[in-house]
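Here the structure comes first, spelled out in C-alpha cells, and everything after it is commentary.
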Number of protein chains: 2
Amino acid sequence: MSASTTPTLEQQWLDQLAQAGYRPTAARRVVIEIVLNTCRALEPLEIFTLARRQHPKLGLVTVYRTLETLEALGLVQRVHQPGGCNIYLRAFEGHQHLLICTACGRAVFFEGDDLSALMERAARQSGFVVHDHWLQLFGTCAECRAAQSAPLPA
Amino acid sequence: MSASTTPTLEQQWLDQLAQAGYRPTAARRVVIEIVLNTCRALEPLEIFTLARRQHPKLGLVTVYRTLETLEALGLVQRVHQPGGCNIYLRAFEGHQHLLICTACGRAVFFEGDDLSALMERAARQSGFVVHDHWLQLFGTCAECRAAQSAPLPA
DNA sequence: GATGATAATGAAAATCTTTTTCAATTATAG
DNA sequence: CTATAATTGAAAAAGATTTTCATTATCATC
C-alpha cells in the first residue's frame with residue numbers, strides 16, 4: 001500500500017467523525033457504507049434491514065442515532081418527497097439541487113443557481129429577507145423510461 | 001342581503017365540497033374557517049385545538065379526515081419545512097411558490113415561473129424527463145424583523 | 001498488551017402521530 | 001317525517017421515533 005493512496009469516501013467520513021470526537025464503530029461503518037453505495041434516499045428502517053445483513057446485532061436505534069450524527073456533520077441530508085420526508089441521502093458539497101426519479105427513487109444532483117433574480121423579486125414583492133431556498137425536481141430517469149417502453153416478455 | 005353578494009371563501013369551499021358529494025357539516029365548517037383565517041401552515045393538532053373552542057365535541061380524527069378531503073380537492077396543501085412536514089396551508093390557484101418566515105411561520109405566495117431554462121438544463125444533464133418541481137424560499141418577514149430590532153422594554 | 005475512563009450500543013419501554021374500526025349521530029332526498 | 005347513506009367521535013391499533021439504562025466497545029495512558 002503506497003502512502004499516497006487517496007482515502008476512500010468511507011474513510012474520509014470516518015475521519016470526519018473522528019475529528020468531531022465520534023468513534024469509528026462497526027455500526028457506523030455499516031450505515032455509512034450503505035448510504036455511500038445507494039443512489040437513492042433511504043428510510044432508517046431500510047438502512048437497518050440492509051445493514052443487519054453485515055452486522056446482525058445492529059439495533060434500529062443506532063441507525064437513527066447515526067443518521068442524526070451524520071446529518072449534523074453535513075454528510076447526509078434529509079430528503080422531502082410526496083411519499084415521505086424521513087429519508088436520507090448523502091449530501092454533496094456546495095449548494096446543489098436534487099432531481100428525483102418518481103419511479104425508482106434515484107436521486108441526482110445538479111447545479112443551477114441562477115435563482116437570485118427570482119429570489120430578489122420575491123423579496124421585493126413580499127417584504128421578506130430571504131435566507132434560504134429549497135428546489136427539488138421530480139421526473140423519470142432514463143433507465144425507468146426504458147423499462148416502461150420495453151417491458152420484459154412474459 | 002342582495003342576491004348578487006359574492007359568496008365568502010368559506011361558502012365557496014363548502015360549495016366545492018357539495019359538488020364533490022361531501023356534506024357541509026359543522027366539523028368541516030370549523031376546520032375550513034380556521035384554515036382560511038390563518039396565514040401560516042398548521043398541524044392537525046393545532047387545528048384541532050383551535051377548532052374545539054368553537055366545536056368542543058370535535059374529534060382529532062375528523063380533523064385528519066377533513067384535511068385529507070380538502071387536500072384531495074386541492075383546497076389545502078401540505079407544506080414541507082425543516083421542522084416538520086405535516087402542516088397544512090390553504091392552496092392558491094395556479095402554480096405558485098411559497099415563501100415562509102422562519103420566525104413566525106407566516107407563508108406568502110409568489111409567482112415566478114422562469115424555472116423552465118433551469119429545468120431544461122437539468123433534464124439535459126441528467127437524462128431525466130422532468131415532471132414537476134418544488135420551490136420554497138425561507139426568510140424573515142417585515143414584522144419579525146421589526147420585532148427583532150425593537151424589542152419591547154422590560 | 002493491560003487498564004481505567006468514557007463513548008456507544010441494543011433491548012425494552014415510553015411517546016407521539018396517524019390510521020382503523022365501529023356504533024351512534026347527522027344530513028339529505030323523497 | 002322517514003329511510004338511506006354519509007359522517008362523526010371514542011377507543012383501539014399500528015407505526016415511527018425517542019428515551020432510558022445496563023452492557024459492551026473504543027481510546028488514551030500506562
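Lettering follows sequence order; numbering is per chain, from 1.
Between the CD atom in B:E33 and the CG atom in B:L14 there is a gap of 10.5 Å [rounded to 0.5 Å]. B:L45 CG to B:I87 CD1: the interatomic distance, rounded to the nearest 0.5 Å, is 13.5 Å.
Rounded to whole Å, atom C1' of D:dC27 lies 15 Å from atom CG of A:L14. In this structure, B:Y22 atom OH and D:dT8 atom C1' are separated by 15 Å, rounded to whole Å. To the nearest angstrom, P of C:dA8 lies 15 Å from CG of A:L58. To the nearest angstrom, P of D:dA16 lies 14 Å from OH of A:Y88. We find that CG of A:L17 is positioned 9 Å from P of C:dA8, with the value rounded to whole Å. One atom, CZ of B:F48, and another, C1' of D:dA10, lie 11 Å apart when rounded to the nearest Å.
Comparing B:R28 and B:R52, the nucleotide of DNA chain D nearest to each residue sits closer to the 5' end for B:R28.
A donor-acceptor contact under 3.5 angstrom links the side chains of B:T140 and A:H131, judged on distance only.
Between A:K57 and D:dA25 there is a side-chain N or O to OP1 or OP2 distance below 4.0 Å. Put simply, A:T62 has a side-chain N or O that comes within less than 4.0 Å of OP1 or OP2 on C:dG10. Residue A:T25 places no side-chain N or O under 4.0 Å from the OP1 or OP2 atom of C:dA7. Taking side-chain N and O atoms only, A:H55 has a distance below 4.0 Å to OP1 or OP2 of C:dG10.
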(request) For A:E68 and A:R78, run salt bridge (Lys or Arg N to Asp or Glu O under 4.0 Å): C-alpha distance rounded to whole Å, both residues' side-chain angles, the deciding distance at 0.1 Å, then the answer. (result) CA-CA 10 Å; A:E68 188 181 4; A:R78 189 180 287 229; over 6 Å; no
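Counting non-hydrogen atoms of other residues, nucleotides and ligands closer than 6.0 Å to CD of A:Q11 gives a total above 12.
Using a cut-off of 4.0 Å between Lys/Arg side-chain N and Asp/Glu carboxylate O, B:E10 and B:R28 are scored as not salt-bridged.
Taking the ring axis of A:F48 as reference, the NZ or CZ atom of A:R52 does not stay both within 45° of it and closer than 6.0 Å to the ring centre.
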(message) Strictly under 4.0 angstrom, non-hydrogen atoms only: write out the protein contact profile of nucleotides 12-22 of chain C, one letter per nucleotide from the 5' end, B, S or -.
(response) B----SSBBB-
